[in-house]
Amino acid sequence: MRRSASKKKSGQSAESVTTDLFRSASSKASTKEMDRIDHLFNQYANRSSSLIDPEGIEELCSNLEVSHTDIRILMLAWKMKAEKQGYFTHEEWRRGLKALRADTISKLKKALPELEKEVRRPSNFADFYAYAFRYCLTEEKQKSIDIETICQLLEIVMGSTFRAQVDYFVEYLKIQNDYKVINMDQWMGLYRFCNEISFPDMGNYNPELAWPLILDNFVEWILEKQA
Amino acid sequence: KKKKRVHSALLVERKGSYLGLCLLLLPLLLCDSLTQFSPIFMSLPTKRSTFSAASASDDSSYSSPPMKKAKNDLHHSPQHPNTADKVGFHMEEDPTPAAANLSRKKATLPQPTKKLVIKLNKAKPTLPTNFEETTWEKLQSAIRAIFLKKPFSFDLESLYQAVDNLCLHKLEGKLYDQIEKECEEHISAALQSLVGQNTDLTVFLSLVEKCWQDFCDQMLMIRSIALTLDRKYVIQNPNVRSLWEMGLQLFRKHLSLAPEVEQRTVKGLLSMIEKERLAEAVNRTLLSHLLKMFTALGIYMDSFEKPFLEGTSEFYAAEGMKYMQQSDVPEYLKHVEGRLHEENERCILYIDAVTRKPLIATVERQLLERHILVVLDKGFTTLMDGRRTEDLQRMQTLFSRVNALESLRQALSSYVRKTGQKIVMDEEKDKDMVQSLLDFKASLDVIWEESFNKNESFGNTIKDSFEHLINLRQNRPAELIAKFLDEKLRAGNKGTSEEELESTLEKVLVLFRFIQGKDVFEAFYKKDLAKRLLLGKSASIDAEKSMISKLKTECGSQFTNKLEGMFKDIELSKEINESFKQSSQARTKLPSGIEMSVHVLTTGYWPTYPPMDVKLPHELNVYQDIFKEFYLSKYSGRRLMWQNSLGHCVLKADFSRGKKELAVSLFQAVVLMLFNDAMKLSFEDIKDSTSIEDKELRRTLQSLACGKVRVLQKNPKGRDVEDGDEFEFNDDFAAPLYRIKVNAIQMKETVEENTSTTERVFQDRQYQIDAAIVRIMKTRKVLSHTLLITELFQQLKFPIKPADLKKRIESLIDREYLEREKSNPQIYNYLA
């Protein structure tokens, strides 16, 4: 749903109604654009695997002048719907850059703030947040992510918006012994928690609701700490 | 009295039939009216009988029966013992006796007989001129004499006549006023004489009493003389008081004019009562008389009762405070009880009965109500600890007077919880926990019966508190109860009779009822029962079965199915062993010298035992194989698995000091039989030839070489079996008994066994939670978290925390049995 909405915003669907002539003209333009996008892809892709691998991504980052742990890179991956962490396929690359209408590095760089705005829209952010978790699942049939990675991921995804919550939660995760991994349900629970619960007094937290147990324990731990 | 007897006759009749009752009601009413007007009616029968005999003979049959009956009822002469019967019979004939009377009157009145002519004397009698004055003077002097307590010259009859005469001449109004005036003068004087009497209070009180007594006597005398006034004048004039009332009125008036007298009297009364409360003897008659005076004057309530109750309140407020500090609670309660009794007596002896209620209420408020919490705080625990049933009963009775039973109940609840908590939470005394709880419960029951009159809400409180305290600690109490039962049901409890055992079981069952985690109990009970059955250590199969049937009535057959299955297995095994002995396989193939008995256990009924490897000696192996062959030929398609850890043997041993029989476990037997071929073996040798698991083997060797009975010798000596230790047959072994038990080790519960039993229970609970969640979600498809939790709490029968449930729900989400509704994370969807 959201994806199609974002496409509409880029204006392509409006053009599709126009006549053949226009279409061929625009398709000519888009072919040119696509060529440039492919060109850009090849600039970073590994020759043998024809993928942009971690090395390529690092190079891309330095060209874009952002850190590879910057949230915007993750957002870019979200836009491309990249499936495998650390790699962009040709198809993903095309999908992302076309949507961003960026066919040069400088255009891409300029598109990033706009992309961030888009992702930060509440309707998109939950999807992005879930995507961030899935993006970190590297093994087949893997369902949960180890505590250490989760802490880093939290830092990237929510560090700027929910500073206090992230700090507390990371601290809690590091001292507790009950959980070694975090699953999707708990991950999404934390997102709701940050958005819904007043922090740090937890006034509206009710452990009798369906909050994942880890959050019950977390809240208990904070309240104990505060007392 | 007469009326009463009619009633009793009625009662007899009432028993007979309802019809009789209806018929009887009317005569009874009639009787009542007859007694009221008796002076009028009593004279009638004689008159009427003369009339009726002459004229109305046909009427007489109508009218006489009710009259006769009325007479009978009134006098109830003993020669008519069956009056009631008669009454019943007559009624139908005579439904309206009043009407009959009327008709009779009509019949008799118009009966003129003779004409009389009366001639009047024309000379009118005249009164002496100064009749009024002289008569009054006469009366006045008499009245004065009465008031001054002097003898007077007229006889009372003539005085009465004088009053009568004055009344006849319509001078009663004037006379009344004159008498009133006369009385007022004297009463005023009498009361004035009390003013300014600065004597001692008691003396003053007796003066007042004297004054009142005189007044009463004098007024009565005057009233007797002037009775005609009361009878004629006062009755006819509703606004005029009777002479006695008039006197009281005057007395009241003048008393109020001399407030000092009234105040001193009240003060005197109060101080006397206070003195009595301080255990001084006082003149109760004086008190009684003066209080009656207050009542008679109608000023009791305002003048006496109010200050009296205020004084009482103050007195007991002070006393309550003082005594609460000075004495301990039981003494205080005794004192309160005494005080209440005293005040009650006081109301019987001299204080007006109307004061009883407010008085007692005041005492209760000051001595009890205000101190309820302190009394409970200070004394309840001591009384309960000391099991002082009498004092507790007193407390209960007193508290019930001021509606403080709820506070008492709460104190009881917190006492039970606190005391029980000490028993349950003290891990060092786990051994005695069950016995302590039983003793505690028994003592509570005694107190409940003897002190709290088996009050239902108190009984429930004890139950609730017990349930609370026994579940304060998870699982352990349930386990200990099972073990306590094991101890009782195990052989070797000499000195306990069947009855004692039975009553112990009954008591333990009471505790069992309170346990929330009955599955823990079941697991441990089953484990112990299995050992008792398999090792033949059960004290009495009857007691075992009685316990099972108790559990069955308590928890249903589902709970005991498996336990009963265990008994069935044991019985079946006996039959199998019999037929094995008779079988051809056994007779032809078995080497002699060994007897074998096999228990065939159904998997599922019994606890699960980890399989334990052991290399059996050849002789035993043969037996096992032949039995297996026999059994499978009888019951084909079954799988037999030997549970070596549960086997036990009796070995014959030849020591140099004599032959012995050793009762040992199978493992012990296997180890010992190695020494048939060798004198000395190292730990490793034994391990190789038996292949018993390392830890188990160490335990086994320890029991043979380091325990009480040492049939092996370990070298080097020491309590624990180490690698490289050597073992030697102890040929010098000596013991007083012929048959020696070495297999106690089998009965003992190892730590591993304990944890594995507990773990299994928990594992089982998890499965049960998962199953319940899936069951519920499968039917509901979509359900909110709160509702799911509520339903789970209803379905699951063991104690459980919401957090446990959450964990299981999350695990099911993880395993994709459930998912959260995307738009509302509080709702779960079932994933088919």
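Naming: A, B, ... by sequence-line order, numbering from 1 per chain.
Within residues 818-830 of chain B, the residues having any heavy atom closer than 4.5 Å to a heavy atom of chain A are B:R820, B:P825, B:Q826, B:Y828, listed by residue number.
Ring geometry, A:Y205 versus A:F193: the interplanar angle exceeds 60°, so the pair is classed perpendicular (tilted spans 30 to 60°). Between B:F512 and B:F521, the ring-plane angle classifies as tilted under the 30° and 60° cut-offs.
Proximity of B:E810 to A:Q186: side-chain heavy atoms (C-beta onward) are separated by under 4.5 Å at one or more points.
For the residue pair A:K109 and A:P113, the shortest heavy atom distance occurs at O-CD, 3.4 Å.
Ranked by heavy-atom pairs shorter than 4.5 Å toward chain B, the options A:M184, A:M188, A:K143 are led by A:K143.
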>> Could you go through B:K797 and B:C555, starting from their C-alpha distance and side-chain angles, then the distance that decides it, and tell me whether this counts as side-chain contact (heavy atoms from CB on, under 4.5 Å)?
In response: CA-CA 11 Å; B:K797 282 179 185 128; B:C555 302; over 6 Å; no
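B:K431 NZ: 12 or fewer foreign heavy atoms inside a 6.0 Å radius.
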